[in-house]
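In what follows, a structure is listed as C-alpha cells, so that the remarks can point back to it.
When a ligand or atom number is given, it counts from 1 through the structure's own listing order. The basis for the numbers below is simple: all heavy atoms, side chains too, and nothing from hydrogens, waters or symmetry mates. Small disclaimer: the values here were computed from a predicted structure and weren't measured.
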Amino acid sequence: METINNFQGRDLLSIADLTAAEIAQLLTLASQLKDKTLKPQCQKVLGLLFYKASTRTRVSFSVAMYQLGGQVIDLNPSVTQVGRGEPISDTARVLDRYLDILAVRTFKQEDLETFAHYATIPIINALTDLEHPCQILADLLTIQECFGTYQGLTLSYFGDGNNVANSLLLAGAIVGMNVRLATPKTHLPDPNIVAQAESLKQPGTEITLTEDPQIAVKGAHVVYTDVWASMGQEADAQARIPIFSAYQVNQNLLTQADSEAIVLHCLPAHREEEITTEVLEGKQSRVWQQAENRMHVQKALLLSLLGIN
Ligand code: CP
Ligand code: NVA
C-alpha cells in the first residue's frame, strides 16, 4: 500500500490539480483500502467546514477519518464565528493552527481559493458551485470497477452544465475518457472549464457539447445525470423543469446507450425529474456502489495529502 509521491501538503481545489497518473494511483490505493484488514494509522484531525447541506460527503469523510484512526471536527457555520461574518482570511489562519487538513463545501470557488491561500494545511474541495472533484474520483473508481478501465470509454451526461458536469469534463480530458454533455444552450458548462478541458485533453479523447440528448447517448458506456437545480438554485427549481425535461434519464434514453451501459448519479436524486425511478432502481444503476466509493477514494486522498503510509 503506497500513498502518492509528492502529494503531501498539497490542496485539491479542482480535479485538474491531479494528473492522470496521480488519479490512477489514488484509485489503486482506494481499492486496496477496501480491504478492512489494512489499518493505516493516522493520528490527525480533519475539519469539515460546510456552508451547504451534505449527507454523503460529510459522512464519508467522517467515517473515512475515523477508520484511519483520526478525528473529525464539524465546523458548521451556524456553530462557529464563520456564520457571523468572520472573514475567510482570519478563519483560515486560525484553523490552520489547530487542524491537520480541512475540507470546505462552499459556493464560490474564489472563497475556496482564499482558504488555500491563507492556510498552509491541505484544503480539499468538498463541492463548490464550480467543481466537485471528490465525487468524480469516486465515479472513476466505480467505472473502473465495472469495466476494468475508464480510458477510451464514453461517459454521457444529461442535464445542467453544473459543478459535477464541469469536473467530469476536466476528468475525462485528463484521464482519456470521452465526455459528452447534453445540456440546454442556456445551461452550458463553465466556458473556462471547457477551454481548460480542451487544453488538457489526451490525444484521441473527445469532448462533445450538444443540445441533443439523442446525439449524446448513442453507444455511451456511462449514462450520468445530476439534479436540475443545484444547492443555491432552489428558487429557480420550478422554472427549470420545462427547460430540462427533454434531458431526463429514462428507459427510452437508456436503450439507445451501449447495451452494457451503467447509470450513475452523484445523489441526492429527484425521482421523475432528472431520472426515473425505473432507471435509478434498475439493473443498470450503480449509484449505491458509486456512493460507497466516496468513502474509499477520500480515504486514499486523506492518507496521500497527509503523507501517511
Ligand atoms: N454527492 C454528494 O456530494 O452528496 P452530498 O451532497 O450528500 O454530500
Ligand atoms: N450539483 C449538485 C450536486 C450535489 C451533490 C449541487 O451542487 O447541489
Side-chain angles (χ1 to χ4, degrees), residues 12-15 30 46-65 72 74-77 102-112 124-143 155 157-171 179 181-184 187-190 193 222 224-238 240-241 243-244 247-249 263-271 273-275 280 285-299 301-302:
L12 181 74
L13 307 187
S14 161
I15 192 76
L46 164 70
L48 296 177
L49 179 44
F50 282 22
Y51 295 80
K52 298 184 184 185
S54 169
T55 298
R56 279 143 288 270
T57 310
R58 182 191 303 282
V59 179
S60 58
F61 260 120
S62 301
V63 176
M65 199 60 178
V72 180
D74 195 346
L75 300 161
N76 187 325
L102 175 65
V104 180
R105 171 169 284 201
T106 190
F107 293 85
K108 292 192 214 136
Q109 184 78 8
E110 297 75 38
D111 288 348
L112 182 75
I124 300 174
N125 181 345
L127 180 146
T128 61
D129 289 345
L130 191 68
E131 276 210 58
H132 197 3
C134 297
Q135 177 65 53
I136 275 52
L137 290 171
D139 302 343
L140 290 174
L141 179 59
T142 310
I143 296 166
L155 179 150
Y157 171 98
F158 301 86
D160 186 22
N162 62 14
N163 42 11
V164 170
N166 287 337
S167 290
L168 283 171
L169 205 54
L170 286 173
V179 178
L181 296 189
T183 70
H187 294 77
L188 291 166
D190 184 276
I193 295 271
V222 182
Y224 199 124
T225 189
D226 184 16
V227 291
W228 292 339
S230 285
M231 287 180 277
Q233 298 170 335
E234 288 81 1
D236 205 21
Q238 281 307 311
R240 283 173 171 249
I241 291 175
I243 299 170
F244 286 107
Y247 298 86
Q248 185 188 64
V249 171
V263 175
L264 298 183
H265 189 310
C266 58
L267 305 176
H270 289 168
R271 287 168 169 80
E273 288 188 18
E274 76 276 1
I275 190 163
L280 188 74
S285 171
R286 298 290 178 274
V287 299
W288 315 117
Q289 179 181 348
Q290 178 188 13
E292 180 188 331
N293 281 335
R294 293 293 306 276
M295 185 171 76
H296 304 298
V297 295
Q298 287 158 202
K299 227 183 234 183
L301 193 61
L302 289 167

> At a 4.0 Å cut-off, with the gap strictly under it, does some heavy atom of L267 reach an atom of ligand 1?
Replying inline: yes
> Would a 4.5 Å heavy-atom cut-off, applied to side chains only, mark I124 and Q298 as touching?
Replying inline: no
> Does R58 reach ligand 1 with a nitrogen or oxygen that is under 3.5 Å from one of the ligand's nitrogen or oxygen atoms?
Replying inline: no
> Does K52 have a non-hydrogen atom less than 4.0 Å from ligand 1?
Replying inline: no
> Of Q135, M231, R105, H265, which has the heavy atom at the shortest distance from atom 6 (O) of ligand 1?
Replying inline: R105
>> Does any N or O of ligand 1 fall below 3.5 Å from an N or O anywhere on C266, backbone included?
In response: yes
> What do we get for L267 next to ligand 2 when only non-hydrogen atoms under 4.0 Å count, side chain, backbone, both or neither?
Replying inline: backbone
>> Closer than 4.0 Å to some heavy atom of D226 - which atoms of ligand 2 meet that?
In response: 1 (N), 2 (C), 3 (C)
> Which heavy atom of the protein is the closest neighbour of atom 7 (O) of ligand 2, given with residue, atom name and distance?
Replying inline: N163 ND2, 2.8 Å
> Do the side chains of L264 and I143 get nearer than 4.5 Å, heavy atoms only?
Replying inline: yes
>> Within the 4.0 Å heavy-atom shell around N162, which atoms of ligand 2 are there?
In response: 1 (N)
>> Do T128 and N163 have side chains that approach each other closer than 4.5 Å (heavy atoms only, starting at C-beta)?
In response: no
> Where is the nearest protein heavy atom to atom 2 (C) of ligand 1: which residue, which atom, and how far?
Replying inline: R294 NH1, 3.3 Å
> What is the nearest protein non-hydrogen atom to atom 8 (O) of ligand 2, stated with its residue, atom name and distance?
Replying inline: M231 N, 2.8 Å
> For ligand 2, which atoms sit closer than 4.0 Å to a heavy atom of L127?
Replying inline: 3 (C), 4 (C), 5 (C), 7 (O)
> If we ignore angles and hydrogens, is there a donor and acceptor under 3.5 Å between the side chains of Q290 and D139?
Replying inline: yes
> Can you list the ligand 1 atoms lying under 4.0 Å from a non-hydrogen atom of T55?
Replying inline: 5 (P), 7 (O), 8 (O)
>> Walk me through whether T142 and Q289 qualify under side chain to side chain donor-acceptor pair (under 3.5 Å).
In response: CA-CA 7 Å; T142 310; Q289 179 181 348; 5.3 Å; no
>> In terms of relative ring orientation, are Y224 and Y157 parallel, tilted or perpendicular, with 30° and 60° separating the classes?
In response: tilted
> Are more than 12 heavy atoms from other residues, nucleotides or ligands located less than 6.0 Å from atom CD of E234?
Replying inline: yes
